[in-house]
Protein chains: 2
Amino acid sequence: MQQKVSIKDIANHVGTSITAVSFVINGKAKEKYISDKLAAKIRKAIDELGYQPNLLARSLRTGKSNIIGFLVDDISKPFFSGLARAIDEKAAVHGYKIIFSSTGNDRERTTEILNIYQERRVDAYVAALAEGLENEIGGLIGGEAPVVLFDRYLPGLDADYVLTDNFWSTAAATQHLLDNGFENIAFITIDTLQQQMLDRLRGYTEVIDRSGKKQEVLKIKYQDSEHATQLIKAFLQKNSHLDAVIFAANYLTMDGLKLSRTGDEGLLQSKGVISFDDFELLEFIRPSITAVEQPIEAIAENIIQLLLKKLAGGATAKTAKPVVINLQAKLNVRQSSKPQNAQS
Amino acid sequence: MQQKVSIKDIANHVGTSITAVSFVINGKAKEKYISDKLAAKIRKAIDELGYQPNLLARSLRTGKSNIIGFLVDDISKPFFSGLARAIDEKAAVHGYKIIFSSTGNDRERTTEILNIYQERRVDAYVAALAEGLENEIGGLIGGEAPVVLFDRYLPGLDADYVLTDNFWSTAAATQHLLDNGFENIAFITIDTLQQQMLDRLRGYTEVIDRSGKKQEVLKIKYQDSEHATQLIKAFLQKNSHLDAVIFAANYLTMDGLKLSRTGDEGLLQSKGVISFDDFELLEFIRPSITAVEQPIEAIAENIIQLLLKKLAGGATAKTAKPVVINLQAKLNVRQSSKPQNAQS
DNA sequence: TTTATTTGCGTAAACGTTTAAGTTATTCGA
DNA sequence: TCGAATAACTTAAACGTTTACGCAAATAAA
């Protein structure tokens, strides 16, 4: 019971060859002309001896580890851990396991992790990387193992992506506020070249421009949370005519909410507020805040489907053009029109 | 560049045996009498050809996969994903990788996952399991691979545990409220036999009893969030003399906070509130809520240390008595004494 | 009856390592 | 000067699989 039983043990126990055993294990009994009688005996022995295949040996032989490497900033961020769970479950159905790591946005750590993934012979990579790390992952693209990136688009990288449609989502959010009678809508973002942030900004500006209203954008040079809160405070105090605010990222929403700490919650109290990225917190906050929710399940599903296609496709899939999938986010409305300021 | 280079390739390139190459790779050059000259040539070739060891092959040969299986309810829960990150980082230092799965508290899924872990020949298990799953993991204890459980103590299972000291932590929380002048402190928990919940309750009752005050306990037969909120509401309305409440779990705190949805936030507004388990949300909530924070880093560190000891120890460690480590939680005070109702 | 095909199974090589057990040449102590 | 120790390597087996190939018996075709 203690020592592991191998195919050889089964073969000896039944009095046959390891080949025969291997064939029935792999469901090739018919195909490989193993008689029903022998197959039955083998299956019985497998049961009795409690045989469990050694996946390491199998991987070595087949060249497929059935492991997917998952790489993000920080696995403990809700979006990432939620996605990790979804991907893990979907991957398990197809016999894959996930190993994960957090880069902490550190270049050295990232190369190190990718190196380990290669040594472990992962079959595929799933990653969300910050700009500046294009080169580290770039070397992998077009290689043996397929790579699918998500969440962040890196303009320099011609890879397969599964993204949230940032442009569309912010446009919809902005339109939502307009439809509900808000007149002076501000957009608070960070000063960056990150593609997804630019897309979000564009979603806002285009809708505002089309409406003939005035753009009110605060671009924060992000240092830390305290500082951001101060800038937001100053911005809102100065522009007292604003009646709605869109925060372009969840941490910005948080920084905004931290105004309550200094007793400045009034600055947001009477306004329409939309947060990009939904989080549990928002269910409890007063006044209620509408949020753009990333479609985690859909993202996971698309990533896995893409990977499976590439893993199955072999050479054909490898030369295929990169795919970029844009998924529409959901607007979780918790606050309706301006006048009533009602809560749904 | 495309095809993987093996030890054999290095050996051929240098004109030596694979044994020699293997020795220098494993840093046994001196010990195994490889001349500095040859070692240097080998190292050069390794660099030039970009050799990366095949960890699958190594694992097969050595019998050590250097993989740790991590098993929890739901990896997307903040406590678990936080711990996952911490463990991953600490394990990486020692050359271990983590694979994880979410059981969803499902028995079949749990056995299935454990089976997969065994097939993958994980070197060790880290798990937080709900009661009822004792048997599934029980079979592993005392086997080849060490098992460390955390978060939940399962009375039937004689295993190694790393836990938060629930008794001590609730006692401290209760004492904190007493010290700050609260007189009528309620304890809201669920109706269960879960050891950690019983410990928390005991922490409360013992301190209350010693103080000569009256116990006010609500045990909820948990069905769903809505229902729990209703029960809490009724309880607080009926016992209007209460001036403080301790929620024994984070989801109970949430259910309590949901009173604001029906406009009943007044029921908590004027009271002292402590939540077991801290979460981001609590930084924003008014009135501010003090919370017991689980020491994630310490838990991770203790788990890894325990595992390493057992992995290194071999037979001696296997026969050793199970270790139960109780770590003290931190009380994050966000609210001080009763009179002022001030916010820190 | 002979030949070809199908059925049923076993032999052995390979995947990329590690490592016990050689082998040869050199140094050394007496 | 000669066995013994040391230094510098190599040979080959093993880890547990998968799978190409080979071979014999049974069946079908001619």
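The closest side-chain heavy-atom distance from His13(A) to Val5(A) is not below 4.5 Å.
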List every contact pair, protein side and nucleotides 6-9 of chain C side both N or O, where the distance is under 3.5 Å.
unit_1	atom_1	unit_2	atom_2	d
dT7(C)	OP2	Tyr33(A)	OH	3.2
dC9(C)	OP1	Ser35(A)	OG	3.2
dC9(C)	OP2	Ser35(A)	N	2.5
dC9(C)	OP2	Ser35(A)	OG	2.8

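Considering only residues two or more places apart in sequence or on other chains, Glu301(A) meets the salt bridge (Lys or Arg N to Asp or Glu O under 4.0 Å) condition with Lys90(A). Partners of Thr16(A) under the side-chain hydrogen bond (donor to acceptor under 3.5 Å, both in side chains) rule, at least two apart in sequence or in another chain, do not exist in this structure. Not counting sequence neighbours, the partners of Lys97(A) by the side-chain hydrogen bond (donor to acceptor under 3.5 Å, both in side chains) test are Asp88(A), Ser101(B). Scanning for side-chain hydrogen bond (donor to acceptor under 3.5 Å, both in side chains) contacts around Ser22(A) gives Asn26(A), with sequence neighbours left out. Residues satisfying the side-chain hydrogen bond (donor to acceptor under 3.5 Å, both in side chains) criterion with Asn54(B), sequence neighbours excluded, are absent altogether. With sequence neighbours excluded, no residue forms a salt bridge (Lys or Arg N to Asp or Glu O under 4.0 Å) with Arg109(B).
Gln196(B) and Asp151(B) form no side-chain donor-acceptor contact under 3.5 Å, judged by distance and modelled atom types alone.
Note on Ser22(A): a base of the nucleic acid sits closer than 4.0 angstrom, heavy atoms only. Within 4.0 Å (heavy atoms only), Lys37(B) reaches no atom of the nucleic acid at all. Residue Thr19(A) is in base contact, counting any heavy-atom pair closer than 4.0 Å across all strands shown.
Taking a heavy-atom distance under 4.0 Å as the criterion, the stretch of DNA chain D touched by chain B extends 5' to 3' from dA7(D) to dG16(D).
Between Gly63(B) and Asp123(B) the shortest heavy-atom distance is O-OD1, 4.3 Å. Contact record, Asp9(A) with Leu49(A): O-CD1, 4.3 Å, taken as the closest heavy-atom pair. Scanning both residues, Ala29(B) and Ala39(B), for their nearest heavy atoms gives CB-CB, 4.5 Å. Nearest heavy-atom pair across Pro146(A) and Leu307(A) is CB-CD2, 4.1 Å.
Within a heavy-atom distance below 4.0 Å of DNA chain C, the residues of residues 46-58 of chain B found are Tyr51(B), Gln52(B), Pro53(B), Asn54(B), Ala57(B), Arg58(B). Within residues 60-69 of chain A, the residues approaching DNA chain C are Leu60(A), Arg61(A), by heavy-atom distance under 4.0 Å.
Residues in residues 81-134 of chain B take part in these ring pair (Phe, Tyr, Trp, His ring centres under 6.0 Å) pairs, two or more places apart or across chains: Phe100(A)-Phe100(B).
Residue order along DNA chain D, read from the 5' end via each residue's closest nucleotide, puts Ile18(B) first among Ile18(B) and Asn26(A).
In this structure, OG on Ser65(A) lies 13.0 Å from CZ on Arg58(A), to the nearest 0.5 angstrom.
Electrostatic pairing of Arg152(A) and Asp73(A) counts as a salt bridge here, judged by a charged N lying under 4.0 Å from a carboxylate O.
Bending across the helix from dT1(C)-dA30(D) to dA30(C)-dT1(D), expressed as the angle between its end axes from five pairs apiece, amounts to 50° (10° rounding).
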